[in-house]
Q: 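One structure, pasted below without further comment.
Numbering of ligands and ligand atoms starts at 1, following listing order.
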Amino acid sequence: MFKFNKVFSSFASQADVFSDTQPLIRSVLDGFNVCIFAYGQTGSGKTYTMSGPSTSKKDWGVNYRALNDLFDISLNRRNIFSYEVGVQMVEIYNEQVRDLLSNKIA
Ligand SMILES: Nc1ncnc2c1ncn2[C@@H]1O[C@H](COP(=O)(O)OP(=O)(O)OP(=O)(O)O)[C@@H](O)[C@H]1O
């Protein structure tokens with residue numbers, strides 16, 4: 001038996017989905033560890049949800065929106081805190097972890 005905190009309808013927009021995770025972005029900058037994890041079978045919409053179908057702002061997925069908020073908030077706090085931001089992108093497929101930002105052929 002699975003329990004869900006929230007289920008979105010098929011009419012939910014990218015903005016609707018992000019609004020549910022948005023408070024977590026502020027938590028990161030307040031010093032908490034946060035993990036936003038897309039999990040689901042092939043074709044279930046992980047890439048769509050996390051990256052978005054195009055680079056148009058309304059289509060932005062969680063990743064773009066989260067980074068946008070991260071930089072907005074850190075800019076607003078620039079006189080108080082100095083943040084260092086690093087990005088990693090990995091794919092876990094068939095129990096193999098692959099670095100998507102590496103030039104090396106695995
Ligand atoms: N919320 C959505 N609204 C409209 N189309 C969607 C939505 N989510 C997914 N799709 C479409 O469904 C198809 C599969 O989605 P997507 O590629 O994001 O799945 P995935 O879980 O990342 O798949 P894989 O595990 O194979 O990489 C794509 O054509 C995508 O545009």
Side-chain angles (χ1 to χ4, degrees):
M1 170 95 108
F2 293 100
K3 275 190 173 179
F4 298 95
N5 291 327
K6 181 126 184 177
V7 175
F8 292 95
S9 85
S10 56
F11 301 106
S13 65
Q14 297 287 73
D16 291 335
V17 175
F18 179 66
S19 70
D20 213 48
T21 50
Q22 194 167 23
L24 298 172
I25 310 308
R26 193 167 287 270
S27 299
V28 172
L29 294 174
D30 290 338
F32 294 94
N33 290 322
V34 168
C35 177
I36 302 172
F37 192 87
Y39 179 77
Q41 71 181 55
T42 297
S44 58
K46 301 179 293 293
T47 308
Y48 189 103
T49 305
M50 297 308 287
S51 295
S54 82
T55 51
S56 142
K57 203 167 178 181
K58 78 167 183 29
D59 285 341
W60 278 0
V62 168
N63 291 343
Y64 289 98
R65 290 168 195 266
L67 284 169
N68 203 44
D69 269 22
L70 267 183
F71 287 114
D72 262 2
I73 298 169
S74 53
L75 197 65
N76 285 337
R77 295 180 178 180
R78 67 185 176 284
N79 294 329
I80 312 162
F81 297 113
S82 167
Y83 293 105
E84 201 169 294
V85 178
V87 173
Q88 274 191 316
M89 200 159 182
V90 297
E91 172 189 70
I92 306 170
Y93 187 69
N94 280 342
E95 297 179 17
Q96 300 282 317
V97 181
R98 196 157 65 101
D99 184 346
L100 297 178
L101 300 181
S102 166
N103 289 326
K104 288 190 205 133
I105 298 164

Q: By number and element, which atoms of ligand 1 are closer than 4.0 Å to a non-hydrogen atom of Gln41?
A: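 Near Gln41, meaning under 4.0 Å from one of its heavy atoms, ligand 1 has 21 (O).
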Q: Among all protein heavy atoms, pick the one closest to atom 19 (O) of ligand 1 and tell me residue, atom and distance.
A: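 The closest one turns out to be Gly45 N, 3.1 Å.
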Q: Give a yes/no on ligand 1: does Pro53 have at least one heavy atom closer than 4.0 angstrom to it?
A: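 No heavy atom of Pro53 comes that close to ligand 1.
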Q: Examine Phe2 and Tyr39 and state if one hydrophobic cluster contains both, with Ile, Leu, Val, Met, Phe, Trp and Tyr joined whenever side-chain heavy atoms are less than 4.5 Å apart.
A: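 Not linked; separate clusters.
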Q: Among protein heavy atoms, which lies nearest atom 25 (O) of ligand 1, and at what distance?
A: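 Here the nearest protein heavy atom works out to Lys46 NZ, 2.7 Å.
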Q: Tell me: protein heavy atom nearest atom 12 (O) of ligand 1, and distance?
A: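 Closest protein heavy atom to atom 12 (O) of ligand 1: Gly43 O, 4.4 Å.
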Q: Based purely on interatomic distance, does Ser44 place a nitrogen or oxygen under 3.5 Å from a nitrogen or oxygen of ligand 1?
A: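 So ligand 1 has an N or O lying under 3.5 Å from an N or O of Ser44.
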Q: Verify, without hydrogens or angle tests, whether Lys46 (side chain) and Gln41 (backbone) share a donor-acceptor contact under 3.5 angstrom.
A: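 Yes, because the side chain of Lys46 sits within donor-acceptor range (under 3.5 Å) of the backbone of Gln41.
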Q: Which residues satisfy the side chain to side chain donor-acceptor pair (under 3.5 Å) test with Asp59, sequence neighbours excluded?
A: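 Testing Asp59 for side chain to side chain donor-acceptor pair (under 3.5 Å), a comparison that skips the adjacent residues, returns Ser54.
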Q: Among Asp30, Val62, Ile36, exactly one meets side-chain contact (heavy atoms from CB on, under 4.5 Å) together with Ile25. Which residue is that?
A: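 When side-chain contact (heavy atoms from CB on, under 4.5 Å) is applied between Ile25 and each of Asp30, Val62, Ile36, only Ile36 qualifies.
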Q: Between the side chain of Trp60 and the main-chain N/O of Ser51, is any donor-acceptor distance below 3.5 Å?
A: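 Here the side-chain-to-backbone pair does not exist.
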Q: At the 4.0 Å heavy-atom cut-off, does Gly40 count as touching ligand 1?
A: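 No; Gly40 lies far enough from ligand 1 that no heavy-atom distance drops under 4.0 Å.
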Q: Who's closest to atom 4 (C) of ligand 1 heavy-atom-wise, of Phe8, Tyr93, Tyr48?
A: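 It is Tyr48 whose heavy atom sits nearest to atom 4 (C) of ligand 1.
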Q: Specify the protein heavy atom at minimum distance from atom 26 (O) of ligand 1: its residue, its atom name, and the distance to 0.1 Å.
A: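 Protein heavy atom with the smallest distance to atom 26 (O) of ligand 1: Thr42 CG2, 3.0 Å.
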Q: When rounded to the nearest 0.5 angstrom, what is the spacing between CG in Asn68 and CG in Asn63?
A: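 If I round to the nearest 0.5 Å, the distance is 12.0 Å.
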Q: Can a side-chain donor-acceptor contact be found between Asp16 and Ser13 if the only test is distance below 3.5 angstrom?
A: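 Note: Ser13 and Asp16 side chains meet the donor-acceptor criterion.
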Q: Do protein heavy atoms approach atom 21 (O) of ligand 1 to less than 4.0 Å?
A: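 Given the 4.0 Å cut-off, atom 21 (O) of ligand 1 counts as touching protein heavy atoms.
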Q: Quick check: does any side chain N or O of Gln88 sit under 3.5 Å from a backbone N or O of Asp99, one acting as donor and the other as acceptor?
A: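 No, Gln88 side chain to Asp99 backbone: no donor-acceptor pair under 3.5 Å.
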Q: Strictly inside 4.0 angstrom of atom 28 (C) of ligand 1, do you find any protein heavy atom?
A: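 So far as the 4.0 Å threshold goes, atom 28 (C) of ligand 1 is out of reach of every protein heavy atom.
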